[in-house]
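Let me begin by presenting the structure, written as C-alpha cells, before commenting on it.
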Amino acid sequence: MYKIHCMNNIAKVGTDRLGDNYQLTDKLEEADAVMVRSAKLHDTVFPKSLLAIARAGAGVNNIPLERCAEEGIVVFNTPGANANAVKEMVILGMLLACRDIYGGITWVKDNCDDPDISKKAEKAKKQFSGIEIAGKTLGVIGLGAIGAMVANSARSLGMKVLGYDPYLSINSAWSLDRHVKHVMDIEDIYAECDFITIHIPATPDTKGIISREAIDKMKDGVVFLNFARDSLVDEQAMAEALASGHVAHYISDFANHASANMKNAIVTPHLGASTNEAEDNCAIMAAKELKDFIECGNIENSVNFPRVNLGPVTSDARLVIMHRNVPHMIGKFTSIISDFSLNIENMSDKSRGHTL
Ligand code: MLT
C-alpha cells in the first residue's frame, strides 16, 4: 500500500484515481509521494521514503527542484491541465483593462437605493466607456500550453497576435493559429504590442525579465498582463511606469504589497486556475503521473528528471535506478544484474544535466 500525503486540498476526483493500492496519510514522514498545490516546500525536510512530488498546477517555484533531484525525488507538474482557466482570466484581464466594468458595477451598487437609477444610468455610463480589443495587437511571451491558448483565443476575438518563445515545442507550434506571428526577438513584442501577456516559468534565470529597460521599450499606453508569477516583473519599475502613464494598466494575478498599491493596476488573488474544472484536471493528471511513476517507473512531465517511458510493466519486474550523470555507471549496474543471472529484457537510459 502506497501512502500519499496531500499538502493542500487536492480534488477528490484526482485522489480517487489513485486506486486501491493507495491510501492518504496526514503524516509526511511516512509518505511515498506528496500532492501539493501552493504550499511552500523550500524549508520542508523530506522523508527518505519519498519517491515523488506532484504539483497540481504548472508553476513549481514553491518546490526546491534541485534539492529534490539530489534526494532522488521526482517532481511533476501538470502542464496544460489548468490552461483553459488561466486563458479565460487573461481574456477577462484584457477586457477589464479596456472597459471600466468594475467602475460601472460599483456605480450600480452605490446607487442601488435610488428609484431613478435606470434613468441616471444612461447619463452615468459615459464615464465608464472604453475601447475594444478587436484590431489591437497582443504579444504573447511564452507559447506553452497557456500562451498558445491565449494566442488562439485572442485571434478568434479579432486581435493581431505576435508570439515569442525561443523554446517553442513542436506540439505548441502545431496548436497555434496560423495567423499568430512568431517573432524571434522579444524587442518586437515590446515595440509593436498594445497588450503584452507573459506565460513563462519563474526560475532564477527569468527573475525580473520584465525589467525597467524592457518596460521602457514598450509602447506608450501598453497593458501588461501577468498571470505567470510576480517575480518575473520588476514591480518597482512597473509602479513607476503606471504612475507616469507609460503603462496604462498592469493586470496581475499576484497580490503583494507592491502590486496591491499600484495606480491603475488590476490585481487578483491568484485566481487564474481557481475553477472546479482546472482543479479536477490538475488533480487527475497529478494522480496519473504519480501512479505511472510508482507502479511503472515512467516519468512524464517531470521538471527535475528526464522523461522516461517504457510503457506498462509486462515482465516480472522493473528496476528503476537513479544515478549521477558520470561515466561507467550503466556498465556497473548491468554487471551487478548479470551477477544475479538476471536477463535485461529492455532498458532505457536518460539523463538531464550533470546531476542526473
Ligand atoms: C499554476 O502555476 O498552475 C497557476 O499559477 C495556478 C496555481 O498556481 O495553482
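Order of listing sets the numbers, starting from 1, for every ligand and every atom in it. No hydrogens, no waters, no symmetry mates; every other heavy atom, side chains included, goes into these values.
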Closest to atom 5 (O) of ligand 1 (judged by heavy-atom distance), picking from Met89, Arg229, Glu279: Arg229
With a 6.0 Å cut-off on ring centres, are His182 and Tyr164 close enough? no
Could you check whether Lys288 pairs with Glu300 (Lys NZ or Arg NE/NH1/NH2 to Asp/Glu carboxylate O, under 4.0 Å)? no
If you count heavy atoms of other groups shown closer than 6.0 angstrom to CZ of Arg155, is the number above 12? yes
Give the atoms of ligand 1, by number and element, whose distance to some non-hydrogen atom of Asn82 is under 4.0 Å. 1 (C), 3 (O), 6 (C)
Below 4.0 angstrom from a heavy atom of Gly57, which ligand 1 atoms are there? Numbered from 1 as shown, please. 3 (O)
For atom 4 (C) of ligand 1, grab the closest protein heavy atom and report residue, atom and distance to one decimal in Å. His270 NE2, 3.8 Å
All heavy atoms of Glu279 vs all of Ser274, minimum pair found to be OE2-CA, 3.9 Å
Taking 4.0 angstrom as the limit and counting only heavy atoms of Ala273, give me the atoms of ligand 1 inside it, by number and element. 6 (C)
Are Phe227 and His199 close enough that their ring centres sit under 6.0 Å apart? no
Could you check atom 1 (C) of ligand 1 against the protein and tell me its nearest heavy-atom contact, residue, atom and distance included? Ala58 N, 3.4 Å
Say whether Gly59, considering both its backbone and side-chain N or O atoms, lies within less than 3.5 Å of an N or O atom on ligand 1. yes
Arg55 neighbourhood, listing ligand 1 atoms whose heavy-atom distance to it stays under 4.0 Å: 1 (C), 2 (O), 3 (O), 7 (C), 8 (O), 9 (O)
If we ignore angles and hydrogens, is there a donor and acceptor under 3.5 Å between the side chains of Glu192 and Thr137? no
